Amino acid sequence: MKFFIDTANLDQIKEAQDLGVLDGVTTNPSLMAKEGITGEANVIAHYKAICAIVDDNVSAEVISTTYDEMIKEGEALAQLDPKIVVKIPMIKDGVKAIKYLTGKGIRTNCTLIFSPGQALLAAKAGASYVSPFLGRLDDISVDGLALIEEIRLIFDNYGYATEILAASIRGPLHIVSCAKLGADVITAPLSAITALLKHPLTDSGLATFLADHKKAAEAAK
Ligand code: G3P
(Lines give C-alpha, C1' and ligand atoms only; values in the text may rest on other atoms or scores of the structure.)
Protein backbone atom coordinates (compact mmCIF):
# COMPACT_ATOMS: atom_id res chain seq x y z
CA MET A 1 0.00 0.00 0.00
CA LYS A 2 1.26 3.47 -0.87
CA PHE A 3 1.44 6.18 1.81
CA PHE A 4 0.73 9.78 0.83
CA ILE A 5 0.74 12.68 3.27
CA ASP A 6 -2.31 14.95 3.17
CA THR A 7 -0.82 18.39 3.76
CA ALA A 8 0.83 21.37 2.08
CA ASN A 9 3.13 21.91 5.08
CA LEU A 10 6.73 21.56 3.84
CA ASP A 11 8.17 20.64 7.28
CA GLN A 12 5.69 17.82 7.70
CA ILE A 13 6.32 16.59 4.15
CA LYS A 14 10.08 16.58 4.87
CA GLU A 15 9.55 14.70 8.14
CA ALA A 16 7.45 12.01 6.43
CA GLN A 17 9.97 11.75 3.58
CA ASP A 18 12.81 11.37 6.11
CA LEU A 19 10.93 8.49 7.73
CA GLY A 20 11.45 6.64 4.43
CA VAL A 21 7.86 5.52 3.92
CA LEU A 22 6.43 8.32 1.82
CA ASP A 23 5.13 7.71 -1.70
CA GLY A 24 3.47 11.03 -2.38
CA VAL A 25 1.58 14.13 -1.26
CA THR A 26 -2.01 15.27 -1.63
CA THR A 27 -2.97 18.90 -1.36
CA ASN A 28 -6.22 20.75 -1.86
CA PRO A 29 -7.16 24.46 -1.90
CA SER A 30 -8.06 24.35 1.83
CA LEU A 31 -4.68 22.82 2.76
CA MET A 32 -2.85 25.40 0.63
CA ALA A 33 -4.84 28.22 2.28
CA LYS A 34 -3.98 26.78 5.73
CA GLU A 35 -0.29 27.33 4.89
CA GLY A 36 -1.04 30.89 3.73
CA ILE A 37 -0.24 30.07 0.10
CA THR A 38 -2.25 32.38 -2.16
CA GLY A 39 -1.73 33.91 -5.61
CA GLU A 40 -0.82 31.93 -8.72
CA ALA A 41 2.94 32.51 -8.51
CA ASN A 42 3.11 31.43 -4.85
CA VAL A 43 0.96 28.37 -5.49
CA ILE A 44 3.19 27.32 -8.40
CA ALA A 45 6.36 27.88 -6.35
CA HIS A 46 4.87 25.82 -3.52
CA TYR A 47 4.05 22.87 -5.80
CA LYS A 48 7.61 23.01 -7.12
CA ALA A 49 8.96 23.05 -3.54
CA ILE A 50 6.87 19.96 -2.69
CA CYS A 51 8.07 18.18 -5.84
CA ALA A 52 11.67 18.87 -4.82
CA ILE A 53 11.15 16.95 -1.54
CA VAL A 54 9.32 13.80 -2.66
CA ASP A 55 9.99 11.13 -5.29
CA ASP A 56 6.61 11.18 -7.10
CA ASN A 57 2.84 11.65 -6.85
CA VAL A 58 2.12 15.26 -5.94
CA SER A 59 -1.61 15.91 -6.28
CA ALA A 60 -2.29 19.51 -7.31
CA GLU A 61 -5.95 20.49 -7.44
CA VAL A 62 -7.58 22.65 -10.10
CA ILE A 63 -9.66 25.55 -8.84
CA SER A 64 -11.78 25.96 -11.96
CA THR A 65 -15.05 24.09 -12.53
CA THR A 66 -15.71 24.20 -16.28
CA TYR A 67 -14.29 21.70 -18.78
CA ASP A 68 -12.32 24.26 -20.81
CA GLU A 69 -10.81 25.90 -17.75
CA MET A 70 -10.03 22.62 -16.01
CA ILE A 71 -8.15 21.15 -18.96
CA LYS A 72 -6.18 24.40 -19.39
CA GLU A 73 -5.36 24.53 -15.69
CA GLY A 74 -4.64 20.79 -15.56
CA GLU A 75 -2.22 20.95 -18.50
CA ALA A 76 -0.43 23.93 -16.91
CA LEU A 77 -0.11 22.10 -13.56
CA ALA A 78 1.19 18.95 -15.29
CA GLN A 79 3.84 21.07 -17.05
CA LEU A 80 5.31 22.14 -13.70
CA ASP A 81 6.87 18.77 -12.91
CA PRO A 82 6.47 15.13 -14.06
CA LYS A 83 5.62 14.27 -10.43
CA ILE A 84 2.36 16.25 -10.59
CA VAL A 85 -0.97 14.40 -10.58
CA VAL A 86 -3.84 16.73 -11.51
CA LYS A 87 -6.64 16.61 -8.95
CA ILE A 88 -10.09 17.09 -10.47
CA PRO A 89 -13.42 17.28 -8.62
CA MET A 90 -16.16 14.71 -9.23
CA ILE A 91 -18.48 16.87 -11.29
CA LYS A 92 -19.77 16.39 -14.86
CA ASP A 93 -17.15 18.65 -16.45
CA GLY A 94 -14.56 17.03 -14.20
CA VAL A 95 -15.28 13.57 -15.65
CA LYS A 96 -14.87 15.00 -19.16
CA ALA A 97 -11.65 16.73 -18.12
CA ILE A 98 -10.29 13.46 -16.67
CA LYS A 99 -11.01 11.70 -19.97
CA TYR A 100 -9.22 14.45 -21.92
CA LEU A 101 -6.19 14.70 -19.62
CA THR A 102 -5.84 10.88 -19.50
CA GLY A 103 -5.77 10.90 -23.29
CA LYS A 104 -2.91 13.38 -23.14
CA GLY A 105 -0.95 11.07 -20.82
CA ILE A 106 -1.54 13.28 -17.77
CA ARG A 107 -2.23 11.47 -14.47
CA THR A 108 -5.38 12.48 -12.62
CA ASN A 109 -6.83 12.08 -9.12
CA CYS A 110 -10.62 12.38 -9.00
CA THR A 111 -11.45 13.97 -5.66
CA LEU A 112 -14.58 14.40 -3.51
CA ILE A 113 -15.78 10.83 -4.10
CA PHE A 114 -18.62 9.87 -1.76
CA SER A 115 -20.37 7.00 -3.62
CA PRO A 116 -19.39 3.85 -5.55
CA GLY A 117 -21.13 5.21 -8.67
CA GLN A 118 -18.91 8.29 -8.65
CA ALA A 119 -15.82 6.07 -8.38
CA LEU A 120 -17.05 3.92 -11.28
CA LEU A 121 -17.53 6.98 -13.52
CA ALA A 122 -14.07 8.30 -12.68
CA ALA A 123 -12.51 4.90 -13.43
CA LYS A 124 -14.33 4.71 -16.78
CA ALA A 125 -12.98 8.16 -17.62
CA GLY A 126 -9.47 6.80 -16.94
CA ALA A 127 -8.59 8.47 -13.63
CA SER A 128 -5.27 7.28 -12.20
CA TYR A 129 -6.68 7.63 -8.68
CA VAL A 130 -10.09 8.05 -7.06
CA SER A 131 -10.23 9.72 -3.65
CA PRO A 132 -13.11 8.53 -1.47
CA PHE A 133 -13.39 10.74 1.66
CA LEU A 134 -13.80 8.34 4.59
CA GLY A 135 -13.72 10.74 7.50
CA ARG A 136 -16.28 13.12 6.05
CA LEU A 137 -18.70 10.19 5.59
CA ASP A 138 -18.04 8.97 9.14
CA ASP A 139 -18.68 12.55 10.32
CA ILE A 140 -22.27 12.29 9.04
CA SER A 141 -22.78 8.75 10.43
CA VAL A 142 -22.23 6.99 7.09
CA ASP A 143 -19.72 4.10 7.05
CA GLY A 144 -16.73 5.45 5.11
CA LEU A 145 -14.90 2.12 5.15
CA ALA A 146 -17.89 0.39 3.53
CA LEU A 147 -17.38 2.72 0.55
CA ILE A 148 -13.77 1.53 0.17
CA GLU A 149 -15.00 -2.08 0.24
CA GLU A 150 -17.62 -1.40 -2.45
CA ILE A 151 -15.19 0.42 -4.74
CA ARG A 152 -12.61 -2.39 -4.32
CA LEU A 153 -15.24 -4.97 -5.37
CA ILE A 154 -16.31 -2.95 -8.43
CA PHE A 155 -12.77 -2.22 -9.62
CA ASP A 156 -11.76 -5.88 -9.15
CA ASN A 157 -14.87 -7.09 -11.02
CA TYR A 158 -13.72 -5.24 -14.14
CA GLY A 159 -9.98 -5.01 -13.65
CA TYR A 160 -9.89 -1.20 -13.58
CA ALA A 161 -6.33 0.06 -13.18
CA THR A 162 -7.58 3.15 -11.30
CA GLU A 163 -6.09 3.13 -7.79
CA ILE A 164 -8.23 3.64 -4.69
CA LEU A 165 -6.72 6.51 -2.73
CA ALA A 166 -8.45 6.53 0.66
CA ALA A 167 -8.62 10.16 1.81
CA SER A 168 -10.01 12.17 4.72
CA ILE A 169 -8.28 9.74 7.07
CA ARG A 170 -8.75 10.63 10.72
CA GLY A 171 -6.37 8.27 12.54
CA PRO A 172 -4.21 5.13 12.53
CA LEU A 173 -7.15 2.69 12.67
CA HIS A 174 -8.51 4.11 9.41
CA ILE A 175 -5.11 3.35 7.81
CA VAL A 176 -5.05 -0.25 9.09
CA SER A 177 -8.67 -0.83 8.04
CA CYS A 178 -7.92 0.54 4.55
CA ALA A 179 -4.97 -1.85 4.30
CA LYS A 180 -7.22 -4.79 5.25
CA LEU A 181 -9.81 -3.76 2.64
CA GLY A 182 -7.24 -3.45 -0.12
CA ALA A 183 -7.10 0.31 -0.69
CA ASP A 184 -4.13 0.95 -3.00
CA VAL A 185 -3.14 4.20 -1.27
CA ILE A 186 -3.96 6.12 1.89
CA THR A 187 -3.43 9.82 2.30
CA ALA A 188 -3.28 10.93 5.91
CA PRO A 189 -2.03 13.68 8.19
CA LEU A 190 1.47 13.10 9.62
CA SER A 191 -0.06 12.50 13.07
CA ALA A 192 -2.06 9.50 11.80
CA ILE A 193 1.00 8.00 10.08
CA THR A 194 3.31 8.39 13.11
CA ALA A 195 0.55 7.07 15.42
CA LEU A 196 1.09 3.70 13.68
CA LEU A 197 4.45 3.53 15.49
CA LYS A 198 2.96 3.53 18.94
CA HIS A 199 2.28 0.62 21.29
CA PRO A 200 2.74 0.74 25.09
CA LEU A 201 4.18 -2.80 25.11
CA THR A 202 6.87 -1.69 22.64
CA ASP A 203 7.86 1.17 24.97
CA SER A 204 7.83 -0.93 28.16
CA GLY A 205 9.54 -3.85 26.39
CA LEU A 206 12.33 -1.61 25.11
CA ALA A 207 12.78 -0.01 28.55
CA THR A 208 13.14 -3.50 30.09
CA PHE A 209 15.64 -4.66 27.44
CA LEU A 210 17.82 -1.58 27.99
CA ALA A 211 17.59 -1.81 31.80
CA ASP A 212 18.53 -5.52 31.74
CA HIS A 213 21.47 -4.77 29.45
CA LYS A 214 22.68 -1.99 31.78
CA LYS A 215 22.33 -4.22 34.87
CA ALA A 216 24.28 -7.04 33.22
CA ALA A 217 27.02 -4.63 32.06
CA GLU A 218 27.36 -3.17 35.58
CA ALA A 219 27.47 -6.67 37.12
CA ALA A 220 30.28 -7.63 34.74
CA LYS A 221 32.49 -4.69 35.84
O1 G3P B 1 -7.21 15.85 0.67
C2 G3P B 1 -8.54 15.58 0.80
C3 G3P B 1 -9.01 14.97 2.08
O4 G3P B 1 -8.08 14.11 2.61
C5 G3P B 1 -9.62 15.94 3.05
O6 G3P B 1 -9.61 15.49 4.36
O7 G3P B 1 -9.75 15.92 6.78
O8 G3P B 1 -10.51 17.71 5.18
O9 G3P B 1 -11.85 15.63 5.50
P10 G3P B 1 -10.48 16.23 5.51
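Being a predicted model, the structure only gives us computed values, none of them experimental. Read the numbers this way: they start at 1 and go in the same order the structure lists the ligands and their atoms.
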[atom] - nearest protein heavy atom and its distance:
{"atom": "atom 1 (O) of ligand 1", "answer": "D6 OD1, 2.8 Å"}
{"atom": "atom 10 (P) of ligand 1", "answer": "R170 NH1, 3.5 Å"}
{"atom": "atom 6 (O) of ligand 1", "answer": "S168 CA, 3.4 Å"}
{"atom": "atom 8 (O) of ligand 1", "answer": "R136 NH2, 2.8 Å"}

Report yes or no: does K87 have a heavy atom closer than 4.0 Å to ligand 1?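 Yes, K87 has a heavy atom closer than 4.0 Å to ligand 1.
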
So, for E61 and Y47, which heavy atoms are closest and what is the spacing to 0.1 Å?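 Closest approach of E61 to Y47, heavy atoms only: N-OH, 3.5 Å.
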
In terms of heavy-atom contacts, D23 and M1 come closest through OD2-O, 4.3 Å

When rounded to the nearest 0.5 Å, the distance separating CE of M70 from OG1 of T108 is 11.5 Å

Short N/O distance, under 3.5 Å, between T26 and ligand 1? no

Please indicate whether [X] has more than 12 foreign heavy atoms, meaning atoms of other residues, nucleotides or ligands, lying under 6.0 Å from its [atom1].
{"X": "Q12", "atom1": "CD", "value": "yes"}
{"X": "E218", "atom1": "CD", "value": "yes"}
{"X": "K2", "atom1": "NZ", "value": "yes"}

Per-atom contacts, ligand 1 versus N28 - under 4.0 Å to a heavy atom: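 This gives 1 (O), 2 (C) as the contact atoms.
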
Those atoms of ligand 1 less than 4.0 Å from some heavy atom in A167: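 Those qualifying, in numeric order: 4 (O).
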
